Amino acid sequence: MTLRFRRTMKIAPGVHLNFNKNSLSLSMGPHGAHYTMSTSGRRTISAGLTGTGLYAYQTTNPRVAARKAAMKASKEPQDVDQLDSPAPTPSRFASKAEKSFYAFLMDIFDVDHTYTPHQIVEKAKALQEQYDVLSHGLNLIAFLYILNDDEYQDKLIEMGTNLWSIRETIFSDPLVVTYFAGIHPNTGICQGITSSAIFNKQQFGFIWVEVLQAHEKYAEALEVLHAMEPTQLVAVSMADVELSMKDYEAVLATTSDITIDDDATLILLVFRGIAFREQSLYVASLECMKEALAVRGRSKEALHRAHFERSITYEKMGNLAQAKKDLQLILVDDSSNEEVLVRLKTLENDQGSQQTRS
């Protein structure tokens, strides 16, 4: 007997888990399209509902150290060999605690059952009172379910802080290792970039950073990133947080000497262009965007981000015609992108006003 899972669960902005009868999968994609990766090995591209975004440095700068190490890090998701693992089931000789944990998962993910976050939290509490050995796995499941629930927002930061502080213990727990092995949450790092690695402490770190950013706890988010294994995605997340803090000099340090060889490095170059733009260095900004858009073979979502940001740069320069052109190029691939359509309408109105005044 295998677990029967709810088809789709949104646990946070940019974080989606898809559960099927015999496997788990993740979904990602821009407006109008989705890319799905399953633990069975299947990959699917389909039209659907709207989706939710290294280098030689001085080692004295911790941001630089992270980027330098990222050059040597593997670009593949961690534990990629586990992508084909089916959803696990307890062995005949499993303990009562393990079998109860399995039954809990089967219950809450059953497509015939619909539980509120409050109900799942209460079920987890009751089971933890019975089997304290299950506390790590139960707390992680409960945390995922309360991310978007108003009832628990005042406890969310406290709970996440505690889980992060004991992450080494949690993710070495045998039950967590076994039953989280098939879960690959699709976690938004920024617009255009996602992480789809196994649900381990690194992936939990990305989820926790997104929560901290949503609560505008940027300094704490940077601390988490510095504690994570340095990878390209960590560098992207770091630059994204620095942009939120308006620390443009830090962004320039994090994104220097970039060679584009994937979507992550393309987005880093776009972030560099944003940092130049926000300091009114428009020519430098345009050069970054131009270099990013000159690369072939990158994802449409990453290229759309570059077009969108270059449009903003042109608008700040007063070149509304070029700003509109970049937005129109996005609409060629994504004609229903509401954000782009609204912005394009605003630019057309502004351009009309300029022509009237002249």
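All figures in this text were calculated on a predicted structure; none of them were measured in a lab. Numbering of residues begins at 1 and proceeds along the displayed sequence.
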Are the side chains of S95 and F101 in contact, using a 4.5 Å heavy-atom criterion? no
Going by heavy atoms in the side chains, are L266 and L303 under 4.5 Å from each other? yes
Check the orientation of F199 and F180. Use parallel for under 30°, tilted for 30 to 60°, and perpendicular for over 60°. parallel
Membership question, hydrophobic clusters at under 4.5 Å side-chain separation (ILVMFWY): are I170 and I141 in the same one? yes
So M245 and L222, do their side chains get closer than 4.5 Å, heavy atoms only? yes
Close side-chain approach of L243 and I274, heavy atoms under 4.5 Å: yes
Single-linkage hydrophobic cluster L329~I267, side-chain heavy atoms < 4.5 angstrom: no
Do L293 and L286 belong to the same hydrophobic cluster, where Ile, Leu, Val, Met, Phe, Trp and Tyr are linked whenever their side-chain heavy atoms lie under 4.5 Å apart, directly or via other members? no
Below 4.5 Å, heavy atoms only, C-beta onward: do M228 and L225 meet side chain to side chain? yes
Do the side chains of F276 and Y282 join up, straight or via other hydrophobic residues, at under 4.5 Å, putting them in one cluster? no
Please list, one pair per line, the donor and acceptor atoms closer than 3.5 Å that link side chains of residues 123-138 to other protein atoms, with sequence neighbours excluded.
residue	atom	partner	partner atom	Å
K123	NZ	D107	OD2	3.1
S135	OG	D132	O	3.2
H136	ND1	D173	OD2	3.2

What is the distance from atom OG1 of T313 to atom CD of E287, rounded to the nearest 0.5 Å? 12.0 Å
Is there a path from L341 to Y314 through hydrophobic residues (I, L, V, M, F, W, Y) whose side chains come within less than 4.5 Å of each other? no
Looking at K324, I want to see if its NZ is surrounded by more than 12 non-hydrogen atoms of other residues, nucleotides or ligands under 6.0 Å. yes
Please walk me through it: do R305 and E309 pass salt bridge (charged side-chain N to carboxylate O under 4.0 Å, His left out)? CA-CA 6 Å; R305 179 69 188 273; E309 296 298 340; 3.0 Å; yes
Kindly check if the number of other-residue, nucleotide or ligand heavy atoms within 6.0 Å of CD (Q328) is above 12? yes
D262-T265 side chain donor-acceptor pair, cut-off 3.5 Å: yes
If only atom types and distance count, is the side chain of D263 paired as donor or acceptor with the main-chain N or O of S299 below 3.5 Å? yes
Please answer whether the main-chain N or O of L252 pairs with a side-chain N or O of R272 as donor and acceptor at a distance below 3.5 Å. yes
To the nearest 0.5 Å, tell me how far I108 CD1 sits from I120 CD1. 5.0 Å
One pair to check against side chain to side chain contact (heavy atoms under 4.5 Å, CB included): L147 and I207. What are the steps and the verdict? CA-CA 10 Å; L147 289 177; I207 294 172; 4.2 Å; yes
Flag the pair Y179 / E98 as yes when at least one side-chain heavy-atom distance between them is below 4.5 Å, and no otherwise. yes
Using side-chain heavy atoms (C-beta onward) and a distance below 4.5 Å, is C288 in contact with T255? no
How about Y145 and Y115: are their ring centroids closer than 6.0 Å? no
Are the side chains of Q203 and T187 in touch, meaning some heavy atoms are under 4.5 Å apart? yes
Donor-acceptor contacts, no H, no angles, side chain residues 158-165, under 3.5 Å, sequence neighbours left out:
residue	atom	partner	partner atom	Å
T161	OG1	I157	O	2.7
S165	OG	N162	O	2.6

Please check if the side chain of E229 supplies one atom and the backbone of Q202 the other of a donor-acceptor pair under 3.5 Å. no
E339/R343 salt bridge by N-O under 4.0 Å criterion: no
With distance as the sole criterion, is a donor-acceptor pair present between the side chains of H304 and D333 under 3.5 Å? yes
With distance as the sole test, does S100 use its side chain to make a donor-acceptor pair with the main-chain N or O of K96 at under 3.5 Å? yes
Assess whether atom NZ of K99 is packed by more than 12 heavy atoms of other residues, nucleotides or ligands within 6.0 Å. yes
